[in-house]
J.: 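Sharing a structure with you now.
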Amino acid sequence: MADPGARSRRAALALMVASGFAGLGYQVVWTQQSALWLGFEAAAVLAVVTAFFGGLALGALVLGGRVERSVSPRRWYVGCELAIGAWGLALVVLMRPAGDLVQHWIGAEPSSWWQWTVSFGASFVLLLPATAAMGATLPAIERLAFMAGTQGGIGDATARRSIAGLYAANTLGAVLGVLLVTFWLVPALGLARTAGVCAALNALCAIGALWRMPAEAAPEDARGEPSSSPASIAPSPSPSPSRPASTSASTSTSTWWWFTGISTLPRTMLMPLALSGLLGIGYEVMVVRVLSQLNEDTVYTFALLLAVYLVGTSLGAAVYQRWLLGREEARLDARLPAALGVACLLGLIALWSAQALKAGAFAWFGEGFAAALGVESLLALAAFGLPTLVMGAWFSHLSAQAHRHGIGFGRALAVNTLGAAVAPVLFGVVLAPWLGPKTVLLLIVGGYLMSSTLSDMGASSVPNASGASGASSAPTGSTAFGDRRARGGQGGTSSPASWRRPWLWIPMASLALLGWLGAPLAFVDLPEGTHLVSHAEGSMAAVSVVQDGQGVARLRINNRQQEGSSASLFVDGRQALLPLLLHPGPRRVLFLGLGTGATSATAAQDPTLQVDAVELLPEVIAASPRFTDALGLNASSLRLVAADARRYVRAAPTRYDVIVSDNFHPARSGSGALYTREHFEAVRERLAAGGLFCQWLPLHQLDLDSLRSVVRAFLVAYPDGMAILASNSLETPVIGLVGHRDPEHLSDAGLARWHERLMRVPARRDGRGLADFGIEDEFALLGSVIAGPGALAAFAGDAPVNTDDRPVVAYLAPRLVYAPDSTPKDRLFEVLHRVSVRPEEVLGTKVPDDNLRLSAYWLARDHYIEAGRSVRPVADPGAMLALVGAPLLAALRTSPDFRPAYDPLLRMAVALSSRDAATARSVLTALRDAQPARREAAEALRAMEQ
């Protein structure tokens, strides 16, 4: 007959896999949902991880004792799984209104401490019903697995109480959850439906437990004690000297158990359990932070890092179960944390060589989406592989030790997860910006080595049968550090020999040497001829400024080139001026995203405007004066706000005439949330009557499928939406989507209205004029329009709308980063060939002459851009004229108003006049005839004749 205990044990492992899948699936979903109101995915990761571990700890602490004393832990497990699923479904409905409430609670311009306090506190409270139930399921399934082992009658009870197998199965499920949710479920189903899948798994776990797991504990356990006795939960060869069995028995009420749960833990276990959680999650947080400077920082990046971390810990638990369980405990107490310190030290060394490893891996794997993900996985493996293997073994060992001390799994888990809950705040928010990643990682390694040292000292002080100091005859589990104090100081003294052991002093010496000589873990690519101007570590990112030999400075966030530099004022300035000029008379303007500050500072040069700029990273705000000062932009009137753009739009009390959103990289962490329908609708509510919104989109960083999803989302909020070009650049094309709060925004004044609008522009503080930004007349302004609302709707087609629940762009855009399948100019030409605009959509008039002139201008613009498709600039004006002369003259003949063709031809002709007078005269004559209203060509001809 089949062994019922074996069936139950297999069922317990299956339940742990499914529960792990659901748990990490929820974490992925809740992290992305929380990022919508926390403002940045890195912040959401820290907040959700803290909330997760905090809830697990509280659940294990409050409910774990009841579960472990219950005669029917199956009922507890089933109830908790159903509670997790129910709250997971409830959050599908509650998350958005709760997020809106938290955003208003945080406020538009919160202090840093208030923002982090509310973010962490709100995440904890919002997720608590589910996470607390998760914390209680672990002691319940452990108890059920123990009961299944008792059913099978195999081995002694102590061996059966190891949780390493369950831990490995749960972690395997977590790995599957992270990968499948990220790469398949969320892109295909969205966040809400993915949460529904996780809730269905919770229900299946409940059904599986009812079907396969024992209903009640046996009348007597393996030691012959009633199964409801606390002693039966953690049988050991003899009562622990630091916690007699009677101590547990006297704690009869759950309230007292909750109140004294941690305080009654033996000091032999309290510190290592807490440290294993604190340092383990701290190491994860810091490695993720360091690798964000080398990886692409997409939704896939964090999933791969977490998957590697989880696989390592799962394998470590399996290794402990297979080879280390039952070995000499005194040695493991000291040597496992020492081995973990050495492993983390090697992981730290791997981080220093990560750039070379990445370059070599790409040379080996080649290009492509799969290859890029493989390289990111390899970097994660180098940093996480060995440390997480030992982490899994050490946690399994500590859990086994806790049982031998008479400590229930719930309380052991509570202490471990409390340490883990503190780690994101301590390491990610406090220590990393203060000390830098290198120092923090060295402190983590030192913490492991110190733990090993104290454990070894404790082992040396345990008296043997003859009263001598030694570990050979110590009671099982009594060798962890602090045990001598727990026994009232009896027997032996601390031996300084532990410091002289090679497996301790060599890592300690290496740690000191790396602290002294090791370079900071700040990766900033410095091409030849460049140097680092500044570097700042923040709580969410590292911000640096790099300058080349020509004095051109560039801004980098996490070592990635950002849009804008001290040499890109022309395009950056146009991204401010075009939206402002398309509004009839703005007074208050908001910029979402600061970058170098050139765009918002260009707008601030208008003395009639009040300009606000919102930037998430304070380090970017601190770096912006380097750029604005170099560009001669007086930014003293610009009001800078350190806040999240999404939250500020919802919480700010001010209404704006114009809101301009920066061209955020769509693949980067959290940026996709700034291109959703919900965000566009919130921006519309922040506009004053007649207000205008412009969303810039970096076509050189955006694939066309993602662009169509963004356009559809934009048109839901702005049915009158149009598209404009920031410039005629082919290498870095930027498209702007422009919409109005009130659809009836056009008059019938035709071109005259726009001419009058330009005439009303006041003198600027910096002395520059509109012509310095290529906006000489109304044709230059309106000539930037490339698509009307009808053409945009046709272009978007049936593409999925990018929404908060289904973040299409966050999952599509990274594929272009990992494996570009087209060039920016190719994508620009495809867009231009598929969209169009009618003069009536812009002018609001049927004046034939105005319509014809504007249509001709657009046609000339398209010919001009097309002509540049295959042209590579050369320094010689004669050679350049031979390349572009004919197409530029054709564009000018199509529209005499098209200055972008007139001006370069004039410059080339003047440059040629001294060495090729005939060619120069021919070009100047053609210019004079094509545009007789302009005098430059005629004056140049007269100068040649003199």
Side-chain angles (χ1 to χ4, degrees), residues 17-36 38 40-49 52 88 91-92 95 170-201 284 287-288 291-292 295-314 368-381 384 666-673 676 703 705-706 709 800 802-819:
V17 171
S19 183
F21 186 110
L24 266 293
Y26 282 129
Q27 185 174 347
V28 171
V29 169
W30 293 338
T31 296
Q32 295 196 32
Q33 290 176 326
S34 299
L36 299 175
L38 293 179
F40 196 62
E41 198 159 346
V45 168
L46 296 179
V48 171
V49 168
F52 231 81
L91 286 179
V92 171
M95 186 65 83
N170 189 252
T171 309
L172 173 63
V175 172
L176 294 175
V178 168
L179 295 180
L180 292 180
V181 166
T182 301
F183 285 86
W184 175 43
L185 287 176
V186 173
L189 304 178
L191 298 174
R193 291 182 179 180
T194 299
V197 171
C198 294
L201 282 175
E284 178 192 12
V287 169
V288 169
L291 290 181
S292 68
N295 292 329
E296 292 297 339
D297 197 24
T298 69
V299 290
Y300 302 113
T301 300
F302 182 72
L304 291 172
L305 290 170
L306 185 56
V308 171
Y309 185 92
L310 293 171
V311 167
T313 55
S314 178
F369 181 64
L373 294 180
V375 171
E376 291 195 348
S377 301
L378 183 62
L379 294 179
L381 185 62
F384 279 143
R668 302 303 180 210
S669 171
S671 295
T676 65
D703 63 284
D705 287 338
S706 297
S709 290
N802 191 49
T803 65
D804 287 351
D805 179 65
R806 193 175 181 193
V808 178
V809 171
Y811 289 88
L812 280 179
R815 296 179 179 271
L816 185 71
V817 176
Y818 288 120

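Since the model is a prediction, treat every value here as computed from it, not as a measurement.
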J.: At what distance, to the nearest 0.5 angstrom, does CG of Asp703 lie from CG of Leu816?
T.: 5.5 Å
J.: Could you list the residues that satisfy side chain to side chain contact (heavy atoms under 4.5 Å, CB included) with Leu381, not counting sequence neighbours?
T.: Val308
J.: Of all residues at least two apart in sequence or in a different chain, which pass the ring-ring contact (aromatic ring centres under 6.0 Å, His included) check with Phe21?
T.: none
J.: So which atom in Pro807 and which in Asp804 form the shortest heavy-atom distance, rounded to 0.1 Å?
T.: CD-O, 4.0 Å
J.: Mind listing the closest non-hydrogen atom pair of Pro800 and Arg806 along with its distance?
T.: CB-NH1, 3.9 Å
J.: Determine the minimum heavy-atom distance between Leu812 and Ser706, stating which atoms define it.
T.: CB-OG, 3.2 Å
J.: If only atom types and distance count, is the side chain of Asp805 paired as donor or acceptor with the main-chain N or O of Ala192 below 3.5 Å?
T.: yes
J.: Supply the atom-to-atom distance Leu91 CG to Gln33 CD, rounded to the nearest 0.5 angstrom.
T.: 7.5 Å
J.: Is the backbone N or O of Glu296 less than 3.5 Å from a side-chain atom of Arg668, with the two atoms forming a donor-acceptor pair by type?
T.: yes
J.: Check whether Asn802 reaches the backbone of Val808 with its side chain - one donor and one acceptor, N or O, closer than 3.5 Å.
T.: yes
J.: For Gly88 versus Ala195, what's the shortest heavy-atom pair and its separation?
T.: O-CB, 4.3 Å
J.: Which heavy atom of Leu179 sits nearest a heavy atom of Ala303, and at what distance?
T.: CD2-O, 4.2 Å
J.: Using the rule side chain to side chain contact (heavy atoms under 4.5 Å, CB included), only one of Val175, Leu310, Val29, Val181 pairs with Leu24; which is it?
T.: Leu310
J.: Do you know the tightest heavy-atom contact between Val28 and Val178?
T.: CG2-CA, 4.4 Å
J.: Could you grab the distance from atom OG1 of Thr31 to atom CZ of Phe52, nearest 0.5 Å is fine?
T.: 8.0 Å
J.: What's the separation between atom CG in Leu379 and atom CG in Leu291, rounded to the nearest 0.5 Å?
T.: 6.0 Å
J.: Val49 and Gln27: side-chain contact (heavy atoms from CB on, under 4.5 Å), yes or no, with the steps?
T.: CA-CA 8 Å; Val49 168; Gln27 185 174 347; 3.5 Å; yes
J.: Only pairs at least two apart or in different chains count here, so list each side chain to side chain donor-acceptor pair (under 3.5 Å) that has a residue in residues 301-312.
T.: Thr298-Thr301, Thr301-Glu376, Thr301-Tyr818
J.: Atom OH of Tyr811 and atom CZ of Phe183: how far apart are they, to the nearest 0.5 Å?
T.: 9.5 Å
J.: With rounding to the nearest 0.5 Å, note down the distance linking OH in Tyr300 to CZ in Arg815.
T.: 4.5 Å
J.: Is there side-chain contact between Ser19 and Asn170, with at least one heavy-atom pair below 4.5 Å?
T.: yes
